[in-house]
*Asks:* 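Below you'll find the structure I mean.
Computed from heavy atoms alone, side chains included, the values below leave out hydrogens, waters and symmetry copies. Within every chain, numbering begins at 1; the chains are lettered A, B, ... in the order of the sequence lines, protein sequences first and strands thereafter.
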Amino acid sequence: MARYGRVITMLDVPATAEPAFPGTVDDKPSRATASHLRRLEAESIHILRETAAEFRKPVMLYSIGKDSSVLLHLAMKAFHPGRPPFPMLHVDTTWKFREMIAFRDMRARELGLDLIVHTNNDGLSQGIDPFTHGSARYTDVMKTQALRQALDLHGFDAAIGGARRDEEKSRAKERIFSHRSAAHRWDPKNQRPELWSLYNTMLAPGESMRVFPLSNWTELDVWDYILLEDIPIVPLYLAAPRPVVERDGALIMVDDERMPLRSNEEPRWRSVRFRTLGCYPLTGATTSTAATLPEIVREMMASRTSERQGRMIDRDSPASMERKKAEGYF
Amino acid sequence: MSYHEAPAIAASDAPRLDQDDRPTLRFVTCGSVDDGKSTLVGRLLYDSKTLLDDQLDALASESRTVGTTGGDLDFALLVDGLQAEREQGITIDVAYRFFATPLRRFIVADTPGHAQYTRNMATGASNADLAVVLVDARKGVISQTRRHSHILSLLGVRHVVLAVNKMDLIGFDGGRFAAITAEYLTLAGQLGISQVQCIPVVAPDGDNIVAASTRMPWYSGPTVTAYLESVDVSGDISQRPFRLPVQWVNRPHADFRGFCGRIASGTIRAGDAVAVQPSGRQTQVARILTPGGERDRAAAGESVTLTLTDEIDVSRGDVLTAGSTPQISDQLAAHLVWFDDQAMVASRRYVLKCGTASIGAVITSLEHRISIDTMAQESGTTLDANQIGQVHLRLDRPLVFEAYRDDRDMGSFILIDPISHRTAAAGMIDLSLSRATNIHRHRLAVDKSVRARLKQQRPCVLWFTGFSGAGKSTIADLVDRRLAELGRHAALLDGDNLRHGINRDLGFSSAERMENVRRVAEIAALFVDAGMIALVALISPFRSERALARQRVETNEFIEIHVATPLAECERRDPKGLYRKARAGELTGFTGIDDPYEAPQAPEISIDTSELSSEAACERIIRYLRDNHYL
């Protein structure tokens, strides 16, 4: 368990004179004119730089998913040839897919990231898990509370996250710079008006800001951009044979021996992939044969379901995302 | 019709690469409560096949349980995503939604109609190219229609679709539609809204939304979707002179110094001559770095990093310009939409944020208020929440800007209340009230660095903040003496002493306290310019004012020293007997007793004199100055 709560710092990248921009597109002229994506990119970079300039101690939430991958890529660009002037924070519930953790550590090494990994050790010692305690309680303890602990522990006053407005109805209502009280609470009825590209970043002691540079991106934009810029993603997004069981209408991948199987369940190998990645017991896979990025984009175009359909935690109760957000969930 | 069979205007068959270059139209929907805005937006999402099966399933089930349409699909539930909105069946806050047709992408800001949430409507309009104004066919043009249209015109939205909704409830009466249209066109004319398209619709049923209605054969104009797809809203900001508000100075190592920001207007090429405003210094662009790599040209809207050929002073809040000189002034006339529940009061201090500059500002006068119903100018002294007026502003230092009608990015600002931190108002600059445009700061032959070299020290401000009786002046006095012994040149600005001289005219109201701090910050900055170490001992209770003082000098020239002696200990010492008076009610507005103190969040030095003697505190400060190469 030594892995948890440890701070990994790897600042030493090989000293080249000036590294090229990540994902330079000059060799792909056919897609280099994707002006829609370039507009989104310019806006997100503006938001990232504004956060770095206006806050005392910002941090970027890195959840290893596709949105995080895009966010990280944008941060590398925004401060090139310098480094992003803030650390990355991963809130590790200990129930992430193993491939996610391996990918996280690989990216941190490659990019020389200043990565903080935080786990709610209280929850861990109480043995909170998604099976015995239910997804709602588990999410509260291991994600929401863990995040609040980490932000308090390090005194971060701004936390950058990859949430998008097209994900969910209450997200569509959220500001790009979203104010949180000293108790990390979001008050959806009392948000700061946000005009033009002018962001009110003033905070009282203990208050903080959640910042969402990808607010105006859609799921398809994210995939298009990953394709355009060749951004590395966790292989779980690509179809491959994986051991799954069908449970409550979702395909759950059995990622390790900790998952208790019900009497009628036997893991079967099926070709699946994930549209969204969270904790493995709470993230449903979809049947798919899309094993490359262009295939994924094509599959997305034809899809008739939303990405959050695979998220068990959205279905705890009506307006559950709004309630979780009000309590400090991202 | 089953809800899975929406009319097909989806783009799923279009080739991908073409799609990427479909232009994006940003629009806002507005209108009064219950005019059907959310329903219209929901319908657009539905008809464009943006909604997916699981979302439609959820909508169908929610329509049955919390809907207001008797079991039919309640499209408003698609956008009213907050619990309180569903409970009350109204829109409280802006929702941003995305959809696309084969010709265009759309970002729609669905805004509340309730007068109480007008600020949210202005929020949605600030980034919109076009507005869909809804009216209820039964009610026609009402006060809220006027209010919203006025805000649209102030915010520079020149294109309006007037959607006359609920035509079914007036028997599809073409005469009534024509009367409403005529009334609105008169209003639009008064407001300078140049392009208006009026369309009769039934939002829940989709009449004239995507498909032409068969129930209103007398109407031959475009549907809402057809109009949104074809309207030309281009106004090419890249044709204007080059303006780049500097957002971030990127200095990863000694050999690279880049200036980051999003180009507000114009284009720039490597080798172009640029000026740094407001200083007016001239230089040239050496390189242009963009997210796609190094390029020789960049245009409005792009986030770039520029390097310059000369090592000149540029920091956040400055503007890089080419072509004509922008306006530069510390006196402005501007229109405000007041947001805050606390009314606007002339002479109160606010923080004005324009582009990347944050500057202290005072509203010197309210020129007039504007009546929403008659558009007439009224006299008055305050603005309440949701009111609009023209004001004069005086700023702590000159702002680089353009008139809002010429350039949205360079002419817009927000006012922030420095105490509550609420966004108090949105502002649009009309013009400069002074002739400072051509007055540049006089550049002196002997500058700070020359003086600092003479004195063999790095000038800085040592800003002591803390409660009355915390020990600020005592420690500052000791530090001053130690510096003198070391042969350094310092000056001590003590709050009490200054109130006998330069600040003699100031009392203790929050506005006067702020002015007190502002003057001291200015004097400290002058001492720094003169190469001196300025010691300031001042309660300075508000973080925002200390931040302004910090901004007045360069990075690393401001050392905040929090004399963090606990209030109880200060009160026990009570060296001037002030706490006793405050407790007895003879003194009001006393920091720590009935006025707040905002402790520094990240002071360079923190000292608690209940644990550390003044002498030890002094040595700690001297050590800090040595360790950080000030001495």
Side-chain angles (χ1 to χ4, degrees), chain A residues 18 20-21 24-26 30-39 41-42 45-46 49-50 52-53 56-57 77-83 157 165-166 168-170 172-173 188-189 191-198 200 202-205 215-216 218 224 297 301-306 309 319 322, chain B residues 12 16-17 20-22 24 52-55 78-79 81-84 92-98 105 107 119-120 122-123 126-127 247-248 250-252 256 260 262 289 291-293 301-303 305 316 339 351 353-354 356 408-409 412-414 416 418 421-423 426 544 598-599 601-602:
Chain A
E18 195 168 297
F21 261 97
T24 302
V25 295
D26 294 343
S30 63
R31 295 193 64 94
T33 53
S35 60
H36 168 67
L37 293 175
R38 291 293 169 223
R39 272 196 303 275
E41 179 186 62
I45 287 174
H46 176 259
R49 287 171 173 169
E50 204 62 11
R56 184 176 43 82
K57 199 172 177 190
K77 287 190 170 206
F79 303 99
H80 175 88
R83 320 281 313 155
D157 59 345
R165 283 171 174 157
D166 77 330
E168 200 270 342
K169 274 178 289 211
S170 64
K173 295 271 171 181
K189 288 210 259 182
Q191 302 196 72
R192 290 178 176 175
E194 203 161 79
L195 296 102
W196 302 290
S197 313
L198 294 171
N200 175 351
M202 290 181 97
L203 296 174
S215 285
N216 288 328
T218 64
D224 275 340
V297 171
M301 298 287 300
S303 168
R304 290 298 310 153
T305 54
S306 79
Q309 198 200 21
E322 179 182 349
Chain B
S12 50
R16 299 288 305 143
L17 292 182
D20 284 328
D21 279 331
R22 280 179 296 173
T24 302
L52 301 165
D53 290 349
D54 54 316
Q55 294 165 330
L78 289 171
V79 277
L82 300 176
Q83 259 182 320
I92 292 173
D93 207 339
V94 190
Y96 295 91
R97 288 288 174 162
F98 312 89
R105 292 166 190 277
I107 300 178
R119 62 183 192 179
N120 291 334
T123 300
S126 70
N127 288 314
Q247 193 181 13
W248 170 264
N250 191 351
R251 201 164 186 200
F256 187 91
C260 308
R262 198 168 184 194
L289 304 182
E302 296 192 71
S303 280
T305 301
R316 177 173 165 87
F339 286 166
V351 175
K353 190 165 182 188
C354 173
T356 58
R408 263 192 190 188
D409 284 339
S412 57
F413 63 86
I414 53 174
I416 304 169
H421 298 164
R422 285 194 296 263
T423 302
S544 56
E598 297 177 356
Q601 286 173 319

*Asks:* Heavy-atom pairs under 4.5 Å with chain B are the metric here; pick the option from A:L203, A:L198, A:D157 that has the most.
*Replies:* A:L198
*Asks:* With the side chain counted from C-beta on, respond yes when B:R262 and A:R49 share a heavy-atom pair under 4.5 Å apart, and no when they do not.
*Replies:* no
*Asks:* Chain B heavy atoms under 4.5 Å from A:N216: which part of the residue, side chain, backbone, both or neither?
*Replies:* both
*Asks:* Quick one: closest heavy-atom pair of A:L195 and B:S126, and the distance?
*Replies:* CA-OG, 3.3 Å
*Asks:* Determine, stepwise, if the pair B:T24 / A:H36 fulfils side-chain contact (heavy atoms from CB on, under 4.5 Å).
*Replies:* CA-CA 8 Å; B:T24 302; A:H36 168 67; 3.6 Å; yes
*Asks:* Checking A:R56 against chain B: side chain, backbone, both or neither under 4.5 Å from a heavy atom?
*Replies:* side chain
*Asks:* At a heavy-atom separation under 4.5 Å, does B:E302 approach chain A through its side chain, its backbone, both, or neither?
*Replies:* backbone
*Asks:* Looking only at non-hydrogen atoms, find the nearest pair between B:P252 and A:G82 and report the distance.
*Replies:* CB-CA, 3.4 Å
*Asks:* Counting only heavy atoms closer than 4.5 Å, note whether B:R316 contacts chain A via side chain, backbone, both or neither.
*Replies:* side chain
*Asks:* Between B:F339 and chain A, which part of the residue has a heavy atom less than 4.5 Å away: side chain, backbone, both or neither?
*Replies:* side chain
*Asks:* If you count heavy-atom pairs under 4.5 Å between each of A:K57, A:E194, A:E50 and chain B, which one has the most?
*Replies:* A:E50
*Asks:* Determine the minimum heavy-atom distance between A:F79 and B:W248, stating which atoms define it.
*Replies:* CD2-NE1, 3.6 Å
